[in-house]
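This is a predicted model, so every value here is computed, not measured. Here is how names work: the chains are called A, B, and so on, in the same order as the sequence lines, proteins then strands, and each is numbered from 1.
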There are 2 protein chains.
Amino acid sequence: MTNYDQDQKVLVAVDCIIFGFDQNQEELQLLLIKRDFEPERGSWSLMGGFMQKNENIRDAAARVLTKLTGLTDVYMEQLKAFGKVDRDPVERTVSVAFCALINVEDHDQEMIKRYSARWFGISEIPQLIFDHDIMVETAIRRLRYRASVQPIGFELLPKKFTMRQLQKLYEEIFSEKLDKRNFTKKINSLDILKKLDEKDKQSSRKGSFLYKFDKNKYLNNKANGMYFKV
Amino acid sequence: MTNYDQDQKVLVAVDCIIFGFDQNQEELQLLLIKRDFEPERGSWSLMGGFMQKNENIRDAAARVLTKLTGLTDVYMEQLKAFGKVDRDPVERTVSVAFCALINVEDHDQEMIKRYSARWFGISEIPQLIFDHDIMVETAIRRLRYRASVQPIGFELLPKKFTMRQLQKLYEEIFSEKLDKRNFTKKINSLDILKKLDEKDKQSSRKGSFLYKFDKNKYLNNKANGMYFKV
DNA sequence: TCAAAAGTGTTCACCGTACACCCATGG
DNA sequence: CCATGGGTGTACGGTGAACACTTTTGA
């Protein structure tokens, strides 16, 4: 075995674009941390870390996510590598961005405080360090695409949710109002939900029925293809 | 400025999935090289190389592509990073895969010989080294998606082409037969081609009209959205 | 009894799909 | 004159999009 050129080694980082859906504000949000280290101490940033030499890159991203949220087994998707020479002022670093969808209820509030992290609505994201703003843009585009192709929204909701919550979530993802009747019709036609006998009374006097995502139904109907228009 | 942890540096490679469309065989093809160095000497492989420390990752991919084909200003799209610990047996290496679309007529035949490279139809791709087969799968999926969203096919054709060639190309990309009338109708409705007065007489006695991609028309109609069904 | 959200059906326009015949030409 | 590929139009069905009223119930 020959050895490769050793002079050109660089650091590989991972950065996590963490999406959540705030039930109360009915808002798609992003979890950002306030850096308490140089460079750019005090600026807002994605949660990141360095890939270890003996660690799969995907595992590195999962580790970093767990460090901030306490969550494991989270939906994660790699976006791409960001590799401009000067993207990190300290040293040449290639960063691989991952986008994660979490159920906000589940995550560890204490851990978040430890990193001075905060949720931001996707329409009010502050300026971010390095090329993190481009990563976020990329992530939102990917989320939209993914949501139009797979029933991915359920990752962002609690186990039980109402049709209205689901609709609000998709409205946030696609940044457009959807028609209540058309939405219900579409979702029902996909045949991937189980309607429960319970109602959620939080948001109205009448109450609205709760649903669960039914993975078995989904796997049977997988041939369906598109879920929503892009 | 603090310094990051220096122990974890790794090599970053780029690998190019190079697509071409063979006019004669009407086949979508992939350009592969026969490795004349260890490890895996003699095996088929994607063209790759290492990113230099002072080089944007995208530029590294372009450099590698030029090295093999002689071409510059080629359509390239990053797929993603591949970063399993053991993907390269020699040493920990993260590879970023790029997919490139080239016009086969333009490329440098001599250079290809120098690398013992060869074109393979996408349905007859040999076993590849490392995780290159997964990269190729990913690239084909991305090509399909991209072709359904952008008028990308023209990158693979000569400047002037017939409606039949374009159709064959899309048939290859989507691996399905398309109806001649529906195809023509669809393409015409997009209003992105300029019909020329010339005919190509190679494939029939009657001859078939040549077209050119009209970038101005395309940019004006960009709002169109989808191009083909996925 | 009233305010506020939940739930529900129909119509129309457009687009994707299926489908078959005539045309032009070189040999 | 004929074999070969090139070019063209129509009819149907499905899906997305627009649109408004009734129901429930806690205050």
Which residues satisfy the side-chain contact (heavy atoms from CB on, under 4.5 Å) test with A:K177, sequence neighbours excluded?
-> A:K168, A:E171

Residues at least two apart in sequence or cross-chain that pass side-chain contact (heavy atoms from CB on, under 4.5 Å) with A:K159, listed by chain then number, are none

CD of B:Q202 versus P of D:dG6: gap in Å, rounded?
-> 12 Å

Listed by chain and number, what are the salt bridge (Lys or Arg N to Asp or Glu O under 4.0 Å) partners of B:E110, not counting sequence neighbours?
-> B:K113

Nucleotide D:dT24, atom P - distance to CG of A:D200 in whole Å = 18 Å

Between protein and nucleotides 4-13 of chain C, map the contacts as a letter string: B base, S sugar-phosphate only, - none, heavy atoms under 4.0 Å, written 5' to 3'.
-> -BBBBBB---

Quick one: side-chain contact (heavy atoms from CB on, under 4.5 Å) partners of B:R58, sequence neighbours excluded?
-> B:M76, B:F98

Take the protein atom CG of A:L190 and the nucleotide atom P of D:dG14, then report the distance between them rounded to whole Å.
-> 17 Å

Taking the side chain as every heavy atom from C-beta outward, state whether A:D133 and A:I125 have any atom pair closer than 4.5 Å.
-> no

Not counting sequence neighbours, list each pair that qualifies as a salt bridge (charged side-chain N to carboxylate O under 4.0 Å, His left out) and has a residue in residues 196-207 of chain A.
-> A:K160-A:E198

Separation of C:dC19 C1' from B:F183 CZ (nearest whole Å) | 18 Å

